[in-house]
Amino acid sequence: MPTVSELRDAIAAVRARIADAASAAGRDPADVRLLLAAKTLPDDVVRAAVAAGADLLGENRVQELVRHAAAVADLAPEVHLIGHLQSNKVNALLAPERPFVTCVESVDSAAIARRLDRRCAALGRDLDVMVQVNVSGEATKSGVGPDDAPALAAEVATLPRLRLVGFMTIGLNAPDAGRVRAGYARLREVRDAVVREIPAARELSMGMSGDLELAVAEGATIVRVGTAVFGARPAPRGGTPG
Ligand SMILES: *Cc1c(COP(=O)(O)O)cnc(C)c1O
C-alpha cells in the first residue's frame with residue numbers, strides 16, 4: 001500500500017502537470033481542480049489519499065462510493081459520482097444516513113434527473129449535478145450526444161432540488177491527440193452555449209491521467225485522475241468496469 005507521503009508526492013506531480021498545462025494555455029492553475037478517481041481502491045488507500053491532501057474523490061459505483069465515503073467521512077472530502085447511475089440505485093446513493101455524495105456528474109437522461117430530484121425533495125436536500133456528454137460517439141460510453149445536451153441541461157435546470165453546475169465527458173480513447181482534443185473542444189462549446197442561460201453551469205469535468213493536458217488546454221475545470229496517482233488498476237475480469 002502506498003504511504004501518505006508517497007501519495008502526497010504523486011498528487012503533487014499531477015498538480016504540477018495541471019499547473020504547467022494551465023500556464024501554457026494562459027489560464028490560472030487555481031481554476032483547475034484535481035479529482036481522484038478511487039475505483040477499485042481499498043478503503044485504507046482512499047483514506048491515505050485524503051490524508052495526503054485529496055479534497056475531491058470520484059466514484060464509479062454507488063456501493064463503492066458509500067463504502068469509501070464512510071471510511072473518510074471524518075475528513076469530509078467532496079465526493080462526486082462519475083459512473084453511470086441506474087435509477088434503482090438512487091435510494092442507496094441518497095439516504096438520510098448517507099449525506100456523502102456532493103455531485104452527480106453522470107446525469108444522462110431527463111428520467112434519471114427527475115428521479116434524483118424527487119429523492120432529494122423527499123430528503124429535504126439539494127444536489128449539484130452535471131450532464132454527461134458523449135463527445136466521441138463511442139457506443140460503449142454513456143452520455144447524451146452533444147447536440148442533445150443543451151435541451152437536457154435546460155430540463156435539468158428546471159428541477160427545483162438539482163443545481164446544474166456543468167458538464168462531464170469521458171474523452172475519446174485513442175492515440176490521436178487532435179481528435180481527443182476536438183472532443184474536449186466540443187464539450188466546451190456546449191458549455192459556452194448553455195452558460196449564457198444558466199450561469200451556474202460553468203464546470204467542465206474532462207481529462208484523465210493520459211490526456212489531462214489536452215483537456216486543460218480546452219478549459220477543463222476538473223480533471224479526473226486515477227492511474228497517475230495510484231498506479232495501474234488490476235485488469236478487470238469478465239468485462240469492462242462501469
Ligand atoms: C477511472 C476513471 C478516470 C481516471 O482514469 P485514469 O486513466 O486512471 O486516470 C476518470 N474518469 C472516469 C469516469 C473513470 O472511470
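Just follow the structure's listing: the first ligand is 1, and inside any ligand the first atom is 1. Hydrogens, waters and symmetry mates are skipped; everything else that's a heavy atom, side chains included, is used.
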When you measure from atom 1 (C) of ligand 1 to every protein heavy atom, which one gives the shortest distance, and what is it?
Lys39 NZ, 1.3 Å
Protein contact of atom 12 (C) of ligand 1 - nearest heavy atom, named by residue and atom, plus distance
Ile82 CD1, 3.6 Å
Look up atom NE2 in His84 and atom NZ in Lys89, then write down how far apart they are to the nearest 0.5 Å.
9.5 Å
State the atoms of ligand 1, each with its element, that fall below the 4.0 Å cut-off from a heavy-atom position in Arg224.
4 (C), 9 (O), 10 (C), 11 (N), 12 (C), 13 (C)
Which atoms of ligand 1 are found less than 4.0 Å from any heavy atom of Arg233?
1 (C), 8 (O)
If you define the side chain from C-beta out and look only at heavy atoms, does anything of Arg47 sit under 4.5 Å from Asp74?
yes
Among all protein heavy atoms, pick the one closest to atom 10 (C) of ligand 1 and tell me residue, atom and distance.
Met208 SD, 3.1 Å
Are Val195 and Leu152 grouped together when hydrophobic residues (ILVMFWY) are joined by side-chain heavy atoms under 4.5 angstrom apart?
no
Ligand-side contact atoms (ligand 1) for residue partner Thr227, heavy atom cut-off under 4.0 Å
6 (P), 7 (O), 8 (O), 9 (O)
Just let me know how Ser209 lines up against ligand 1, side chain, backbone, both or neither, with a heavy-atom cut-off below 4.0 Å.
both
Taking Val135 as the starting point, is it possible to reach Val223 by hopping between hydrophobic residues whose side chains are less than 4.5 Å apart?
no
Does the side chain of Arg27 come within less than 4.5 Å of Thr221's, by heavy atoms?
yes
Under a 4.0 angstrom heavy-atom cut-off, which atoms of ligand 1 come close to Asn60?
14 (C), 15 (O)
Distance alone, cut at 3.5 Å: any donor-acceptor contact between the side chains of Glu105 and Ser205?
yes
Can an N or O of Gly226 be found at a distance shorter than 3.5 Å from an N or O of ligand 1?
yes
Under 4.0 Å to a heavy atom of Val225 - the qualifying atoms of ligand 1, by number:
9 (O)
Passing candidate, salt bridge (charged side-chain N to carboxylate O under 4.0 Å, His left out) with Asp128, options Arg202, Arg163, Arg161
Arg163
